[in-house]
Amino acid sequence: MMRIGLFLLTNIAVLVVFSIVFSILSSVFGLGGVHGAGGLNYTSLAVMCLLYGMIGSIISLFLSKWMAKKSTGTVVIETPRNGTEQWLVDTVAKQAKAVGIGMPEVGIFDNAQPNAFATGWNKNNALVAVSTGLLHTMTAEEVEAVLAHEIGHVANGDMVTLALIQGVVNAFVMFFARIIGSFVDRAIFRNESDSPGIGYFVTSIVMDILLGILASAIVMWFSRLREYRADEMGARLAGRDNMIAALNALRPSDARPDQMPESMKAFAISSGQSQGFSIASLFRSHPTLDDRIASLQKLPN
């Protein structure tokens, strides 16, 4: 219920902000409606799609830290209560200073699967969290490497870049889906009125789904690329061998279904995905552990 509520809240916020911004732009620049005499108004359609795609991604980005805490049950360490919490805070502080970013919030979430994630809308307002399972199953050196990996995501600005890519991709999907919908409505359903017909709406929905699936492969390609870059940062901050050891320690977890919330899977260090190539691998948020370790082994000690 919590995840459903967060999903609905985000979409309501997107619709409200989109309606206000699009109304303002339409009044200022005289864009007019998307549908008019002769079919689609491509300028208005492009503005509408870009706004809707980017606003959705930007709102999700700004809410990302709050949503991550709620969806995973992460408890932020305000005042360390024991040696483990103090060590976590001190290690993150050291790594953040080394890469020149502001001190992230540090948290722990209750999950038997060893995992961790980083999120936040900018480099100086981030959250780094680890699972109880990770703390119980990994050595201190391996945990340090995982933390360095997550700090790498923050320092590289991965959350912002992924949000922008997702927004642009969403805009293209919406734009071309409606162009195809308009063509089908007029060429096949012979709708000659100024208002779109059933062919437009049905085709647009179908193409939103089909193009969305294809477009997600682009987003997931970038997501995999950023994992390699974060692994390299982990190796630089905590040592290559420690980063490799941490990834190897994830193998038992990686063979099981992912326990992370769907919205957080792309930001976790472990994705619970099988090894090897398949068509489904094009839609993986993470490279396989074998590929990640092979990439690290090419780095100097």
Side-chain angles (χ1 to χ4, degrees), residues 2-3 5-6 60-160 162 226-227 230-231 233-239 242-243 245-247 249-250 253 258-272:
M2 173 65 74
R3 295 174 191 174
L6 292 174
S60 295
L61 178 64
F62 276 96
L63 293 176
S64 62
K65 196 160 70 166
W66 177 78
M67 292 178 68
K69 293 175 184 177
K70 293 296 182 182
S71 63
T72 62
T74 295
V75 177
V76 174
I77 302 173
E78 302 288 352
T79 302
R81 298 169 297 178
N82 52 52
T84 299
E85 291 188 356
Q86 185 65 61
W87 179 82
L88 284 173
V89 172
D90 291 344
T91 301
V92 170
K94 179 184 69 176
Q95 293 174 347
K97 183 178 180 180
V99 296
I101 62 172
M103 175 64 183
E105 290 183 307
V106 183
I108 300 173
F109 59 99
D110 187 18
N111 192 321
Q113 185 180 40
N115 222 325
F117 67 85
T119 191
W121 72 274
N122 71 48
K123 297 180 181 181
N124 299 312
N125 187 20
L127 166 68
V128 173
V130 297
S131 71
T132 51
L134 183 138
L135 294 175
H136 293 155
T137 59
M138 287 192 178
T139 66
E141 292 77 16
E142 291 166 351
V143 175
E144 183 177 1
V146 170
L147 292 172
H149 170 98
E150 301 304 336
I151 287 294
H153 279 309
V154 178
N156 293 334
D158 287 341
M159 286 75 74
V160 175
L162 188 62
R226 73 196 182 102
E227 288 302 317
D231 285 343
M233 181 69 78
R236 181 163 73 85
L237 293 177
N242 289 335
M243 190 68 244
L247 293 178
L250 293 173
S253 170
D258 195 358
Q259 299 177 26
M260 289 290 284
E262 191 66 34
S263 60
M264 296 304 302
K265 288 183 178 181
F267 300 101
I269 190 171
S270 174
S271 61

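Note that these values count all heavy atoms, side chains included, but never hydrogens, waters or copies made by symmetry.
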For a quick test of reading the model, state the closest non-hydrogen atom pair linking Asp231 to His149 and the distance between them. OD1-ND1, 2.8 Å

In terms of the angle between their ring planes, are Trp121 and Phe62 parallel, tilted or perpendicular, with boundaries placed at 30° and 60°? parallel

Tell me, do Ile108 and Val130 make a side-chain contact under 4.5 Å, heavy atoms counted? yes

Taking C-beta and beyond as the side chain, do Glu144 and Lys94 meet within less than 4.5 Å on heavy atoms? yes

Criterion side chain to side chain contact (heavy atoms under 4.5 Å, CB included) against Asp158, the qualifying member of Glu150, Arg226, Glu227: Arg226

How close do Val76 and Leu127 get, counting heavy atoms only, and between which atoms? CG2-CD1, 4.3 Å

Minimum-distance pair of heavy atoms, taken over all atoms of Asn156 and Ala230: ND2-N, 4.3 Å

Please round to the nearest 0.5 Å and tell me the distance separating atom CG of Asn115 and atom OG1 of Thr132. 11.0 Å

Non-hydrogen atoms of Asn122 and Asn124 that approach each other most closely: OD1-N, 2.7 Å

Answer whether the closest heavy-atom distance between the side chains of Val154 and Met159 falls below 4.5 Å. yes

Hey, what do you get for CD (Glu78) to CD (Glu85), rounding to the nearest 0.5 Å? 10.5 Å

CG of Leu162 to NE2 of His153: how many Å apart, nearest 0.5 Å? 10.0 Å

Determine the minimum heavy-atom distance between Val146 and Met138, stating which atoms define it. CG2-SD, 3.8 Å

State, yes or no, whether a side-chain contact exists between Lys123 and Val160 at a heavy-atom distance under 4.5 Å. no

With a 4.5 Å cut-off on side-chain heavy atoms, are Val92 and Leu88 touching? no

Are the side chains of Thr72 and Asn111 in touch, meaning some heavy atoms are under 4.5 Å apart? no

Heavy atoms only: give me the nearest Ala96-Pro104 pair and the separation to one decimal. CB-CD, 3.9 Å

Does Met103 reach the side chain of Lys97, with side-chain heavy atoms less than 4.5 Å apart? no

Here the gap from Trp87 atom CH2 to Leu147 atom CG, rounded to the nearest 0.5 Å, amounts to 5.5 Å

Output yes when a side-chain donor or acceptor of Gln86 lies under 3.5 Å from a complementary backbone atom of Pro80, and no otherwise. no

Interatomic spacing from NZ in Lys69 to OG1 in Thr119 - rounded to 0.5 Å: 10.5 Å

